[in-house]
Amino acid sequence: MSTFKTYTHQAIVVGTGAAGFSSAINLKKNGIEDVVIVTEGINMGTSRNTGSDKQTYYKLSLSGDKNDSVRLMCENLFNGGSVDGDNALAEASLSVQAFMNLCDLGVPFPQNAYGEYVGYKTDHDPYERATSAGPLTSKYMTEALEKKANELNIKIYDKCLCAEIITDDEGVIGILAIDKITGEAVLFNSPHIILATGGPSGIYKDSVYPLSHTGSSGLAVRCGAKMQNLTEWQYGLASVNPRWNVSGTYMQCLPRFVSIDSEGKEYEFLSEYFDDVYQALSNVFLKGYQWPFDSSKVLTGSSVIDILCYRETVLKKRRVYLDFTKNPFGLTNIDFEKLTEEGYTYLKNAQATFGTPIERLEKMNAPAIDLYLKKGVDITKEYLEIALSSQHSNGGISVNSYWESSIKGLFAVGECAGTHGVARPGGSALNSGQVSALRVARYISVMPRDILKEDEFIKKATQAYTRHTQLTENILSDIDNVSEYDEKIKRTMSDGAAAIRVEEKLIQLIDETKELINNFEANIKTDKKEKLFKVYKLYDMLYSRLAVVCSMADFIKNVHTSRGSAIYYSKDGSLRDGLEEQFRFIPDDKSSHSKIQEIYFEGTTPIINYRDVRPVPDCDDVFEIVWKGYRENKNVF
């Protein structure tokens, strides 16, 4: 142990996305001088490397004459289902502070001539609270926050993968990390660990998450932290390479859907399901702003398009593409008036009732074409491969109103925190990441924990170091099969535990995952110490996957209904005409929305329960009392 590098800091943030940088900045501003960031790569992560046609930030209305309020926004967040009221109230209350901080840092959110931040409606939003800085809103946020972190001289340990969270009987005491360059282990002694590692995207093959982001939720699972709502994800159609949502005008321009089998034969498969081509086109149009797969839109709505794509790729083993160069169904000219009124009116107002899909797209949103061209795909000439993909995790680490986990001193901010429930307003995740950073900093500044003396910490960290040493000895070999296992694990999850879920398949995945974990060091091999970080990422992915599939299997057994962005097969359910039996399901009656599923592990054994959501706090505040409490301890409780 004496040869081991050991660093001691008052607080450690793991991750360099928008939530991670914001956490470090706010800790520093709240008097926590010795805060550092540990990251496997400064330029990695979802915040910096993803976006959409108009990436949304959700906050309290700051324009117009509509009556909005903190309580109304809280109510909308809370009503998404399986959401804790105190988290919803905090996200609403601090949304303006978090948003204005980003504006002050230079994120170019648009204002009108008089300074109002004009908004628009997003999904699950009745008040036009949404705003955007363009397709790369979260990238601009991350860059602005990184600049501020550098100005504050916040130290960053780059290319340093957090491999294990170290705890004792009192809570978290530090982490063990792997230097990605040398493969050597490093110990960090700290009583405050803030995870800002995003969603566990690495468990899925078909994913909109950037390749540089895999998540590290397995860290929390392995140290015994409670997780919640791991059944709740958001899935939607996205291009495979590059990974990008094909939402908005990519659908509203009415592209042609094509699948190709292993022999190269082409199928325009929507015509095999829809008798009326204009009904098909109307559903494609709706996918533009009904982009996420939604179980409530399967039996009669547009989410049947997602299922038809899933059927081609998973059941028929074909590859699915969008073709923007020709009109669908062999139509030389589309009779746009035969679309639903909604589709026709939109395209008419956009002056796009003419030509081919690419011509309509150029008219409505020319930058959408340039976006793919800059990523190496010319959709004016080439097919664009797509799949039904994971896009966002609504569940995650279970946290209290200060985003502290069930383990004292371990906090989770941003997407790795499980605060979003079943259905969240679009863009609320960006707000949540900034608000959680404010809450964590406020709490730690008032309720700090003591740092262990280095010799005491090293003594308590011995087991973690011994585990690392033994793993290294057992894993190093003359072969390297990490990528092979990685590919298989991701593929089976996308096929059997994404938007379409069947109990028997979930149970099979649980058994497979437990076997992989229990025999990990016997089966997984790498040929270089410098590749050990990949081994740890695979190990983390397995624990993330185990928690997710156990949660899904328990949900289908105990709740029975489908909800959110997934359907669970039920022989007693409803089936849309023309679909296979495995797509039969019981629609959501919202009876489960007042409960939150929690899960934690003892080894690989899950302990699962359903608790009531925490209600929205009833704050009948008197100013003088609030003021007094704020002077004393910032009203932290």
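Positions are given from 1, in the same order as the sequence printed here. Here the structure is a predicted model, which is why all the values come from computation and not from measurement.
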Where is the tightest heavy-atom contact between [X] and [Y], given as atom of each residue plus distance?
{"X": "G421", "Y": "N229", "answer": "CA-ND2, 3.9 Å"}
{"X": "Y209", "Y": "G199", "answer": "OH-CA, 4.3 Å"}
{"X": "G215", "Y": "D540", "answer": "O-OD1, 3.7 Å"}
{"X": "L532", "Y": "G183", "answer": "CD1-O, 3.8 Å"}
{"X": "Q55", "Y": "T50", "answer": "OE1-O, 3.9 Å"}
{"X": "T197", "Y": "H213", "answer": "O-CE1, 3.0 Å"}

Taking the six-membered ring where the residue is Trp, are the ring centres of [X] and [Y] under 6.0 Å apart?
{"X": "F293", "Y": "Y310", "value": "no"}
{"X": "H392", "Y": "H420", "value": "yes"}
{"X": "W403", "Y": "Y443", "value": "no"}
{"X": "Y250", "Y": "Y372", "value": "yes"}

Side chain of [X], backbone of [Y]: donor and acceptor closer than 3.5 Å?
{"X": "W233", "Y": "L230", "answer": "yes"}
{"X": "T605", "Y": "F601", "answer": "no"}
{"X": "S436", "Y": "V413", "answer": "no"}
{"X": "T513", "Y": "L509", "answer": "yes"}
{"X": "N26", "Y": "S22", "answer": "yes"}
{"X": "Q228", "Y": "G418", "answer": "yes"}
{"X": "S389", "Y": "V208", "answer": "no"}
{"X": "D158", "Y": "I42", "answer": "yes"}
{"X": "D554", "Y": "C550", "answer": "no"}
{"X": "S190", "Y": "H9", "answer": "yes"}

Taking [atom1] in [X] as the centre, count heavy atoms belonging to other residues, nucleotides or ligands within less than 6.0 Å. Is the count above 12?
{"X": "E382", "atom1": "CD", "answer": "yes"}
{"X": "K316", "atom1": "NZ", "answer": "yes"}
{"X": "K159", "atom1": "NZ", "answer": "no"}
{"X": "K317", "atom1": "NZ", "answer": "yes"}

Would [X] and [Y] count as having a side-chain donor-acceptor pair, cut-off 3.5 Å?
{"X": "N523", "Y": "N519", "result": "no"}
{"X": "K537", "Y": "T214", "result": "yes"}
{"X": "E91", "Y": "S432", "result": "yes"}
{"X": "E504", "Y": "Q508", "result": "no"}
{"X": "E598", "Y": "S398", "result": "yes"}

Looking at [Y] and [X], is there a salt bridge between them, counting it only when a charged N and a carboxylate O are closer than 4.0 Å?
{"X": "R491", "Y": "D206", "answer": "yes"}
{"X": "K525", "Y": "D480", "answer": "no"}
{"X": "K5", "Y": "E184", "answer": "no"}
{"X": "K139", "Y": "E143", "answer": "yes"}
{"X": "R319", "Y": "E312", "answer": "no"}
{"X": "K459", "Y": "D455", "answer": "no"}
{"X": "E170", "Y": "R449", "answer": "no"}
{"X": "R467", "Y": "E164", "answer": "yes"}
{"X": "D261", "Y": "R318", "answer": "no"}

Point-to-point distance, once rounded to the nearest 0.5 Å, from [atom1] of [X] to [atom2] of [Y]:
{"X": "K534", "Y": "S483", "atom1": "NZ", "atom2": "OG", "result": "5.5 Å"}
{"X": "S562", "Y": "I500", "atom1": "OG", "atom2": "CD1", "result": "8.5 Å"}
{"X": "N49", "Y": "M44", "atom1": "CG", "atom2": "CE", "result": "8.5 Å"}
{"X": "L237", "Y": "W291", "atom1": "CG", "atom2": "CH2", "result": "7.5 Å"}
{"X": "L187", "Y": "I173", "atom1": "CG", "atom2": "CD1", "result": "9.5 Å"}
{"X": "N245", "Y": "I386", "atom1": "CG", "atom2": "CD1", "result": "11.5 Å"}

Quick one: do I567 and I307 satisfy side-chain contact (heavy atoms from CB on, under 4.5 Å)? Show the steps, please.
CA-CA 10 Å; I567 61 172; I307 286 183; 4.2 Å; yes
Is any side-chain heavy atom of [Y] closer than 4.5 Å to one of [X]?
{"X": "Q391", "Y": "Y235", "value": "no"}
{"X": "K226", "Y": "Y600", "value": "yes"}
{"X": "N189", "Y": "L452", "value": "yes"}
{"X": "Q10", "Y": "I451", "value": "yes"}
{"X": "S138", "Y": "L430", "value": "yes"}
{"X": "R563", "Y": "S82", "value": "yes"}
{"X": "I193", "Y": "F188", "value": "no"}
{"X": "S551", "Y": "Q597", "value": "yes"}

Start with the C-alpha gap between I489 and I203, add the side-chain angles, then the distance that decides, and say whether side-chain contact (heavy atoms from CB on, under 4.5 Å) holds.
CA-CA 7 Å; I489 291 165; I203 63 176; 5.8 Å; no
Think K180 forms a cation-pi with F533, using NZ or CZ under 6.0 Å from the six-ring centre and within 45 degrees of its axis?
yes
Check step by step if side-chain contact (heavy atoms from CB on, under 4.5 Å) holds for V172 and K408.
CA-CA 6 Å; V172 73; K408 196 66 180 172; over 6 Å; no
Could you walk me through whether Y7 and Y157 pass the ring-ring contact (aromatic ring centres under 6.0 Å, His included) check?
CA-CA 11 Å; Y7 302 101; Y157 291 90; 5.0 Å; yes
Please test R311 against D306 for salt bridge (Lys or Arg N to Asp or Glu O under 4.0 Å), starting from the C-alpha separation and ending with a verdict.
CA-CA 9 Å; R311 186 168 70 168; D306 303 278; over 6 Å; no
Chi angles and distances behind the side-chain contact (heavy atoms from CB on, under 4.5 Å) call for Y536, L161:
CA-CA 9 Å; Y536 272 105; L161 176 74; 4.0 Å; yes
Option among F583, F555, F585 that satisfies the ring pair (Phe, Tyr, Trp, His ring centres under 6.0 Å) test with Y568:
F555
